[in-house]
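We name chains A, B, ... by the order of the sequence lines, and we start the count at 1 in each one.
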Protein chains: 2
Amino acid sequence: MEKNFSHIAMKKKLDRADKALLDILQQNVDLPLGEIAARVNLSPTPCWRRIQRLQEEGFIRRKVALLDAEKLRVGVTVFVSIKAGRHSRDWFEGFRDAVSAMPEVVEFYRMSGDVDYLLRVVVPDIKAYDAVYQRLIACAELQDVSSSFAMEQVKYTTALPLDYI
Amino acid sequence: MEKNFSHIAMKKKLDRADKALLDILQQNVDLPLGEIAARVNLSPTPCWRRIQRLQEEGFIRRKVALLDAEKLRVGVTVFVSIKAGRHSRDWFEGFRDAVSAMPEVVEFYRMSGDVDYLLRVVVPDIKAYDAVYQRLIACAELQDVSSSFAMEQVKYTTALPLDYI
DNA sequence: TTTGAAAAGTTGCGCCC
DNA sequence: GGGCGCAACTTTTCAAA
């Protein structure tokens, strides 16, 4: 008879220190470990082990550099609402793959309600957007495509709320 | 007579290696320097200097950990379209600060066209969204608020296109 | 079983060519 | 741009609580 020891590695709930760690790391990932440990009132070793555990358990997906959109000349954000109409599964897969492959499309959602798909597209200017738009409507049969330009990015964060865990 | 040497530090255009570095770093920031250097066919020292320069010039804004939305119980994305009507500057500033302070609001745009503001909100479920919605309409006078739920996040990336630089 | 201190091993960083 | 060497950091080990 075998026993299941998975409960040893799997912690039921994250405690205050774990949440504090996640909060620090999703703001800034290149603080020295000693500094992080001090902020959560732990010594480096247990702090390091907690971070390892949070990675292994999948709370931390990856560590990335966030670049400056203006400097990369993609300061213009456009939201694209798409109505697809009735289509087959093959159609969707082709559409999904073609859109996902476009580097200007940074977010892509399948929606409920009026609109079928919503994209966030980043480009240098309206002219460049038109090129993306042309590629978009060429890649799959679409019923209706409507574009809304953002005037100002008031808030943009990759930091998720930790209040629900 | 003084000379302006700012052109020494300020590079006109990023070359192939710089773009390759940015591309690597916005995918994964904790590769060892030696590994990064090998991928861009440079030795570690000049590679390190380039990364420093890219940080100083502001191409790299920050380095962060991306967390798993499902694990944090914020797997549901809602887009909130807001029509504000005519309001004063004071009204906007109050609205902006209140909305920006809400951790569930991860993106917040001022839009052109039909809708005045667009928010991306992350929550555990519809019930939790209603609580956010109530806080939202309590924080400022709004003409119309309409919510669209995402069924599926087909693509989400923080990696910006490097094709325009 | 969990902690902290301290050792060992890597990596980053400044100086040189 | 590249090579070397020190300094700093991370990660492992180990003893103690």
- prompt: Taking atom P of dC13(C) as reference, at what distance in whole Å does atom CD of Gln55(B) sit?
  reply: 9 Å
Between dT10(C) (C1') and Glu35(B) (CD): distance, integer Å: 15 Å
Taking only residues two or more places apart in sequence or in another chain, which ones pass side-chain contact (heavy atoms from CB on, under 4.5 Å) with [X]?
X: Ala84(B); result: His87(B), Trp91(B), Asp116(B), Tyr117(B)
X: Ala159(A); result: Gln26(A), Gln27(A), Thr157(A)
X: Val76(A); result: Val78(A), Val123(A), Phe149(A)

- request: Determine the contact category for Leu42(A): base if any of its heavy atoms lies under 4.0 Å from a base atom, sugar-phosphate if only primed atoms, P, OP1 or OP2 are that close, otherwise nothing.
  value: nothing
- request: List for me each residue that meets side chain to side chain donor-acceptor pair (under 3.5 Å) alongside Tyr164(A), sequence neighbours excluded, and say none if there are none.
  value: Glu104(B)
- request: State which residues pass side chain to side chain donor-acceptor pair (under 3.5 Å) with Tyr129(A); sequence neighbours excluded, sorted by chain then number.
  value: Ser147(A)
query: Could you give all pairs that pass the salt bridge (Lys or Arg N to Asp or Glu O under 4.0 Å) test and reach residues 152-165 of chain A, with sequence neighbours left out?
result: Glu152(A)-Arg110(B)
Between side-chain atoms of residues 37-49 of chain B and protein atoms elsewhere (two or more places apart, or another chain), which donor-acceptor pairs fall under 3.5 Å?
from     : atom 1 : to       : atom 2 : distance (Å)
Arg39(B) : NE     : Glu35(B) : OE2    : 2.9
Arg39(B) : NH2    : Glu35(B) : OE2    : 3.3

task: Could you run through nucleotides 3-11 of chain D and give me one letter per nucleotide, 5' to 3': B if any protein heavy atom sits under 4.0 Å from the base, S if only the sugar-phosphate is that close, - if neither?
output: BB-----SB
Inter-end axis angle, the helix from dT1(C)-dA17(D) to dC17(C)-dG1(D), with every axis fitted to five base pairs (rounded, 10 degrees): 20°
